[in-house]
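One structure is given here, and the rest of the page talks about it.
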Amino acid sequence: MSGAANNPAPRPSAETAPRAPSARIGVDVGGTFTDLVLHDAARNITRTGKLLTTPDDPSRAITEGVARILREAGLTPADLHSIVHGTTLVTNTVIERTGAKVGLLTTAGFRDSLEIGKEIRYDLYDLFLEPPPTLVPRHLRREVPERMAFDGEELLPLDEAALLREAAHLVAEGVEAIAISFLHSYRNPAHERRAGDILRAEYPSIPLTLSSAVAPEIREYERTSTACANAYVQPRMQRYLTKLEADLRATGFTGALYVMLSAGGIASLREAKEFPIRLIESGPAAGAMAAAFIAKLAGLDAVVSYDMGGTTAKMCLVENGAPDHKHDFEAGRVRRFAKGSGLPLKVSVVDMIEIGAGGGSIARVEPGSGLMKVGPRSAGAMPGPVCYGRGGTEPTVTDSDLLLGRLDAAHFLGGEMALDQGRVVRAVEQGVAAALGMGVAETALGISRIVDETMAAATRMHLAEKGRDPRRYTLIAFGGAGPVHACNLARLLKMKRVVVPLGAGVASALGFLVAPPATDAVRSLVGRLERLDYAAIGALYAEMRGECEELLLEAGAERDAIRYTAVAEMRHVGQGFEIPVPLPALTISAADLPLLRENFFAAYRERFSRIVEDAPIEALTWRLSAAAPAQHISLHREASGTPAQRGHRAVRFELHGEVQAAILDRYALAPGFTFEGPALVEERESTCVVPPGATCHIDEHLNLVITLA
Amino acid sequence: MDPITLEVHWSRLISIADEAATALLRTAFSTIVRESNDFATVLMDETGNSVSENTGGIASFSCILPRTTRAFLEKFPAETWVPGDCVITNDPWLATGHLPDITAVSPIFHKARLVGFAGSIAHSPDVGGALWGADCQEVFEEGVRIPPTRILRGGEWNRDVLDMFLANVRVPRQVLGDLEAQVTANEVCAAGVREFLEDSGLDELATLGAALSERTDAAMRRAISELPDGEYSAVQEADGFDAETTRIVCTVRITGDEMEIDYEGTSPQIARGINCVWNYTHAYSVYPVKCALDPFTPRNEGSYRSITVKAPERSILNPLYPAPVSARQLTGHLLAGAIYRALSPIMPERVIADCGGAPTMRCLFSGLDNNGDRFSQVLFASGGMGAAPHRDGLPTTAFPTNAGAGSIEAFESVAPLVVWRKQFRPDSGGAGRMRGGLGQEAEIEVRAPGPLRLSLLSDRRDHPALGVLGGGGGATAQIMMSDGTRPHPKSRTTIAPGIRLTMSYAGGGGYGPPGERDREALAADIKDGVVTAEGAKAYRA
């Protein structure tokens, strides 16, 4: 089921010289499908492929997919320069709790930090809420006498005999991986490192994670949680990546194999094997990188990327061609959209919000208030919306989209699935409309209004937290349901422009090919600005720079092309939330103090629209990001040349009632073509709804660029 | 208004209150606001009725704020407000029951007309007076009391009042920073409302607020009417102060769709700071009812209309001015346990056992650090939650408050203290078919250049969290010094360098008879060391 060649098939050219390995492949292993993209700039080839994921051994689908896409492109494994891989294996291991049996060694007196956590109820009203998961049960958490102070001073030496005794106990219990997390190890890792050396010598085959290596940041719960999660996924990821590389090599592949990190950079297998937890958001990161790439192509420097699938909607701020980042993430939530219900991880990720609003989100009337709610519960892919006819009985967002005329019952998924409209009318009537005392059409519009409003509220909040005004942004829509709801969402956010790239699924996988080799490093060192230990900070940056450089060289970067960006997280003394403040250089001195203060106030004002001038400032954490230039790829494509308009259909709009909308074939729209709404632009994976009054222009990359009234 | 539009508007208004809360939380200096979630933001109509509230924060605060706003309106009638005003108070009887909480309310104007109020409450870093403690004898010792005051008038700070207040607090810069954060939060809320009114074409909030209140009122009444009519009661005892133990007598009367919670028979007010003013009594009575009966409907003015709370005047649950009230949480947090025990026979599937974290136990250290800077830090930590019908009590989790805990590494970075351990207390969870949540133990050493001041605010030394429906009680709280002394649990004292203080937080009560405990669950508890061989004896059939 490979296909969608957007370029002419490769000419059986007159190449005679040995071909340079210039082809690159991106592979995304998702829960259901393994998606591939091949790009060869030298030969001007872009191809995509899709096959079912093989969950028992994901590398099988990858090697098969790679072989197939190469064959279709007329290439051989020897033509491959590199493969970039993204995987949901890490996140699934955490969600499904199928990781290793982990033992944890902590400072004496602190083995329960992992379970005590933040002592917060993530839902104020639910007396029976399920607590966040604990990856290491108490009997596998053991304590070792040792202690550092907050400034790195040794208060109690490491008891090496106790360390060996406790480790032996864990090994006897059959642990498959060990994590070590000592207090203040972010400041002075000597005890952790010594313990690591001792255990590596004693148990060379047991993977070991040091908290000071995986997340050298202050706050013991989050750091310990990150170390345990890393240990938890490590044995499985090491086996998997080792096998994948061997399998690919067996096919004759001699290029480089890279992975996509959660922050959208590509990295070497060694980094992935040592810190597999950094792959936790590998898949979604690719989507954000693709959005950033498309924003750059379209010349947009202020974008909100919006990806609405079956279960969730994800929004991400993309400014100046790069997605926003954050340095903590919550994985494996027991209540999917409740903050605080999962494992906190100190990893760099693309900063996205994910809410329970997708095509499959279910509408229901809340018995208490008699008001309708949409989501976060989703019908998912099975049974799916009522209209799929696979046994779903509760009306969903996709069902309402069908009733409103936005989707074509006969041509859904390119006609592969006939939608059952009659069944949907009954479900909406019995499921919600009757209880609300409203008509079916009105209720369907209501479902859409509520889900759009939910997404708008979440986006507004996300931007407000960063001090951003949505009106300045362009919305780029992806996913099956994204283009259906994009214009409405943009209207609610008062955005003027919406961009819909061609082929949402393809666009996302492009992220693997346009991502730069990139990584980051972090250290915590707490100090007031006027008392900073500049020598110590310089030493930290030198160390971090060395680490990053080594990783990026492995990831294929040229030493001289690596660019470093330093940021410190600061706050006023007494506050609890830090804000990132750019540093002028990797080495700073007392002479930079005025500039540091100025940068802090600028960042503070941007976020909170005011400053507190005379309150002292402190820095807690020092970050270094390193990146090499990304590969550019061309997306220039030709239209199919067939007539664009396929007829008309009645569509119901919130502000305009029912109107006749033109139906256009997305693949027939040529660059430069312009039309006005109301219109429906249909492509295989989605339909873009263009409301009355809006103008749509096709740009040279075949993006729909919609200007709202 | 049709139900869809109502839902769309309501979610928008809740998210406006949430945006205001985020603005407050991010810029607050007060660790108590952050770690203890001691704050709230509420959007009200022009008469002070609440329309929407922020999702996190202290639930009880949001039901007090509208009442405070109505008190403001008595002093400053609606027509006297102008854009850019902000009125504050920390009066315990008008607001949230003790001086450290500052309530700030700003008007919202739309098309030159007053359409509502944006309000916020935050626990201030300091309000002068005695160090936060439980042992003052009059409210005057507890800090500066600010009657309803226009701290901002037309956008201009009332400098004289501000200077007067800041001259009486220990950390004026931080106190002002938090006041500014509250004003900013109110502005965020007001801006959100103005945009909402423009988008929706509405002219005012009151009609919408009334329609929403009808919904929340109906939801609560529906839940109450499912309970059998009758009178149910329970008595809750606590340590109180020295010989004056606290006795809370709670009678719940259910008649149709209404509930009355009556504390007739409760101990009289005392001359120590554990008196709980009526506003706080009311808030901590209705909140647990909402959790048990109608947890998922959002709240506003209508949510509690069907519930009446009565507490006799001059009782510890309705003390009169100038009673000391600083540690009113030591009494107010006990009410949830009394109400749940009273209702447990008629709704056993909806209640939990008493919580070890009710009331909260706090130790506050204050003095000079090794740089000679003044510091003041509270160690946040909680006892175990009461067991639920189908789940063990959560370990080290507070209820009815939702105070979290910060990082020990961060704590040690800002205070000359070393925490040598912070770990579960084995056997502290009350035995039961479902076990009570575990308490914890923290050992803190003073490493300051000189003695520090220590304030202790605690209860449950003599009165454990009780079990329900046959469950056993949790372990009691204990406070010990390494020199072998046991400090008074509600005292302000000093602690010398080198001394270690051990705080043992209470466990939660158990649910159901211990003999019915699943044997595998008991074996797992023993393997994990949270129940010892000795402790396991409590589970014998």
Side-chain angles (χ1 to χ4, degrees), chain A residues 108-113 115-116 118-121 124-128 130-131 137-139 147 149-150 155 183-184 186 218-222 366-373 436-438 442-443 446 449-450 453-454 457 460-461 464-465 526 572 574-577 607-610 612 614-615, chain B residues 2-4 6-8 11-12 15 18-19 22-23 26-29 31 34 56 59 125 173-174 177 180 184 215-216 219 222 290-292 294-297 352 381-382 388 390-391 394-399 402 404-405 407-410 412-413 418 420-424 440 527-530:
Chain A
F110 289 89
R111 71 160 154 166
D112 293 324
S113 297
E115 194 169 344
I116 289 174
K118 297 182 192 170
E119 307 193 13
I120 279 277
R121 288 177 290 126
L124 277 179
Y125 289 88
D126 184 0
L127 288 175
F128 309 132
E130 195 187 332
R138 194 169 197 256
H139 67 273
R147 187 68 149 87
F150 77 99
L155 297 180
L183 278 190
H184 297 296
Y186 62 92
I218 186 167
R219 289 176 185 124
E220 67 278 9
Y221 168 52
E222 290 81 354
E366 197 182 57
S369 62
L371 297 178
M372 182 162 70
K373 305 284 171 189
L436 292 171
M438 295 176 67
E442 239 182 321
T443 304
R449 280 176 66 195
I450 290 172
E453 195 67 49
T454 305
R460 249 185 240 121
M461 183 74 129
E465 284 181 16
V526 182
H572 283 300
Q575 292 182 325
F577 292 93
R607 220 161 258 237
F608 306 121
S609 359
R610 69 185 179 102
V612 190
D614 47 351
Chain B
D2 73 81
I4 304 247
L6 211 50
E7 166 63 21
V8 165
S11 346
R12 176 91 179 258
S15 83
D18 281 338
E19 266 182 53
T22 303
R26 295 263 162 163
T27 53
F29 283 89
T31 34
R34 270 190 326 267
R173 183 57 260 183
Q174 299 197 7
E180 289 170 331
T184 303
R215 298 277 173 168
T216 52
R222 185 167 175 266
K290 172 108 171 98
C291 293
D294 181 29
F296 301 117
T297 310
I352 57 171
S382 288
H390 305 290
R391 195 207 58 208
L394 299 182
T396 61
T397 303
F399 179 86
N402 193 23
S407 140
I408 293 304
E409 289 173 345
E412 291 183 352
S413 302
V418 168
W420 285 100
R421 57 198 174 90
K422 184 170 181 286
Q423 60 196 167
F424 287 151
Q440 59 184 318
K527 184 166 189 193
D528 274 335
V530 297

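Each chain gets a letter, A, B and so on, in the order its sequence line appears, and its residues count up from 1.
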Taking every heavy-atom pair that is under 4.5 Å apart, which of [options] has the most such pairs with chain B?
| options | answer |
| --- | --- |
| A/A108, A/G109, A/A457 | A/G109 |
| A/E465, A/M372, A/M461 | A/M461 |
| A/E130, A/H139, A/M438 | A/H139 |
| A/T454, A/I218, A/T443, A/V526 | A/I218 |
| A/E442, A/K373, A/R607 | A/K373 |

Let me know if [X] has heavy atoms under 4.5 Å from chain A in its side chain, its backbone, both or neither.
| X | value |
| --- | --- |
| B/R26 | both |
| B/I408 | both |
| B/A28 | backbone |
| B/T27 | both |
| B/D2 | side chain |
| B/S11 | neither |

**Asked** Who pairs with A/E119 by side chain to side chain contact (heavy atoms under 4.5 Å, CB included), at least two apart in sequence or on another chain?
**Response**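 For A/E119, the residues satisfying side chain to side chain contact (heavy atoms under 4.5 Å, CB included) (neighbours in sequence not counted) are A/I116, B/A381, B/S382, B/T396, B/A405, B/K422, B/Q440.
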Measure the [atom1]-[atom2] distance between [X] and [Y] for me, rounded to the nearest 0.5 Å.
| X | Y | atom1 | atom2 | answer |
| --- | --- | --- | --- | --- |
| A/K118 | B/T397 | NZ | OG1 | 13.0 Å |
| B/I352 | A/F128 | CD1 | CZ | 7.5 Å |
| A/R138 | B/F424 | CZ | CZ | 6.5 Å |
| A/H572 | B/Q174 | NE2 | CD | 10.5 Å |

Exercise: identify the closest heavy-atom pair between [X] and [Y]:
| X | Y | result |
| --- | --- | --- |
| B/E7 | A/I450 | CG-CD1, 3.6 Å |
| A/I120 | B/N402 | CD1-O, 3.5 Å |
| A/Y186 | B/S413 | OH-OG, 4.1 Å |
| B/E19 | A/R460 | OE2-CB, 4.0 Å |
| A/S369 | B/A219 | N-CB, 4.2 Å |
| A/L124 | B/C291 | O-SG, 3.9 Å |

**Asked** Are the side chain of A/R121 and the backbone of B/A398 linked by a donor-acceptor contact shorter than 3.5 Å?
**Response**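 Flag set: sc A/R121 to bb B/A398 pair under 3.5 Å.
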**Message:** Keeping B/Q423 on the side-chain end and A/D112 on the backbone end, is there a donor-acceptor pair under 3.5 Å?
**Reply:** no
Can you say whether [X] sits under 4.5 Å from chain B via the side chain, the backbone, both, or neither, judging by heavy atoms?
| X | result |
| --- | --- |
| A/E220 | both |
| A/A615 | both |
| A/Y221 | neither |
| A/R147 | side chain |

**Complete:** Looking only at B/R173, B/H390, B/R421, most heavy-atom pairs under 4.5 Å shared with chain A are made by B/R173
**Complete:** Ranking B/T184, B/V530, B/D528 by heavy-atom pairs under 4.5 Å to chain A gives rank one to B/D528
**Message:** Is any side-chain heavy atom of A/P367 closer than 4.5 Å to one of B/R222?
**Reply:** yes
